[in-house]
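So the structure is just underneath, and the comments pick up after that.
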Amino acid sequence: MAYWLMKSEPSTWSWDQQVAKGKEGEMWDGVRNYQARNFMREMKVGDKAFFYHSQTERAVVGIVKIIDEVKPDPTAEAGSPWECVTVEAVGPVKTPVTLSEIKAEPALQDMVLVNNSRLSVQPVTAAEWKYVCKMAGVKP
DNA sequence: GCCAACGTTGGC
DNA sequence: GCCAACGTTGGC
């Protein structure tokens with residue numbers, strides 16, 4: 001199983017909205033970046049991802065899992081190359097892990113979040129996943 | 001609100 | 001195919 005991190009501006013799509021969707025989940029639409037789309041193509045049902053609030057909050061606030069593989073993005077024009085997966089909220093983290101905490105942590109210096117802040121969908125290694133879960137007070 | 005980083009577009 | 005110009009994202 002692979003691990004990921006998915007970013008959202010809380011004003012556009014927040015963790016609370018994701019939780020409200022329950023088991024129905026929500027299509028992660030609106031991504032218009034090839035790198036991010038390619039990572040979504042690699043996702044498999046059952047993979048887990050950190051739900052990260054960008055902009056105002058800048059912290060990992062919850063955990064989601066992939067419940068459907070990539071499908072054409074309904075918000076994009078027909079025939080466009082954009083696709084998206086569907087994610088379901090697994091649960092909130094006990095303690096949000098902020099970007100500054102991640103940056104201050106030597107073990108997490110190689111996270112894409114630290115080195116390429118603009119990429120909205122990114123892979124997380126198993127070691128990073130474990131470490132951030134520990135900081136967040138949740139089971140990996 | 002500003003600015004750096006990055007991706008995309010278009011002229012040549 | 002290169003590179004300048006532009007637009008967007010996200011941290012601060």
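What you see below is based on every heavy atom in this structure, not just the backbone, and it leaves out hydrogens, waters and symmetry mates. Per chain, numbering begins at 1; letters A, B, ... match sequence-line order.
- Each end of the helix from B:dG1-C:dC12 to B:dC12-C:dG1 gets its own axis from five base pairs, and the two axes differ in direction by 10°, given to 10 degrees.
- Every pair passing salt bridge (charged side-chain N to carboxylate O under 4.0 Å, His left out) that includes a residue from residues 83-95 of chain A is listed here, sequence neighbours excluded: A:K23-A:E88, A:R41-A:E83.
- Applying the ring pair (Phe, Tyr, Trp, His ring centres under 6.0 Å) criterion to A:Y3, with sequence neighbours excluded, gives A:W129.
- Residue pairs that meet the ring-ring contact (aromatic ring centres under 6.0 Å, His included) test with at least one member in residues 70-111 of chain A, sequence neighbours left out, are A:Y34-A:W82.
- Pairs of residues two or more places apart, or lying in two chains, that qualify as side-chain hydrogen bond (donor to acceptor under 3.5 Å, both in side chains) and include a residue from residues 54-64 of chain A are A:E9-A:Q55, A:H53-A:E57.
- Applying the salt bridge (charged side-chain N to carboxylate O under 4.0 Å, His left out) test to residues at least two apart or on different chains, none of the pairs has a partner in residues 112-126 of chain A.
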Checklist line | Per-nucleotide protein contact string for nucleotides 4-10 of chain B, where B marks a base within reach and S marks sugar-phosphate only (heavy atoms under 4.0 Å, - for neither) | finding: -BBSS--
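- Through chains of ILVMFWY side-chain contacts below 4.5 Å, A:M43 is grouped with A:W4, A:M6, A:W13, A:W15, A:V19, A:W28, A:V31, A:F39, A:M40, A:F51, A:V61, A:V64, A:I66, A:V70, A:V85, A:V87, A:V112, A:L119, A:V121.
- A donor atom on one side chain and an acceptor atom on the other are not found under 3.5 Å apart for A:S14 and A:D16.
- Near DNA chain C, defined here as any heavy-atom distance below 4.0 Å, the residues from residues 49-61 of chain A are A:Y52, A:S54, A:Q55, A:R58, listed numerically.
- Its side chain outside the 4.5 Å cluster rule for every partner, A:I67 clusters with none of the Ile, Leu, Val, Met, Phe, Trp and Tyr residues.
- Backbone-only engagement by A:L99 is indicated by non-hydrogen atom pairs under 4.0 Å involving sugar-phosphate atoms exclusively.
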If you look only at distance, which donor and acceptor atoms sit under 3.5 Å apart when one is on a side chain in residues 98-105 of chain A and the other is two or more places apart or in another chain?
{"residue": "A:T98", "atom": "OG1", "partner": "A:S100", "partner atom": "OG", "Å": "3.2"}
{"residue": "A:T98", "atom": "OG1", "partner": "A:E101", "partner atom": "N", "Å": "3.2"}
{"residue": "A:T98", "atom": "OG1", "partner": "A:E101", "partner atom": "OE1", "Å": "3.4"}
{"residue": "A:E101", "atom": "OE1", "partner": "A:T98", "partner atom": "N", "Å": "3.0"}
{"residue": "A:E105", "atom": "OE2", "partner": "A:Y131", "partner atom": "OH", "Å": "2.9"}

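- Partners of A:Y52 according to the ring pair (Phe, Tyr, Trp, His ring centres under 6.0 Å) rule, which considers only residues two or more places apart in sequence or in another chain, do not exist here.
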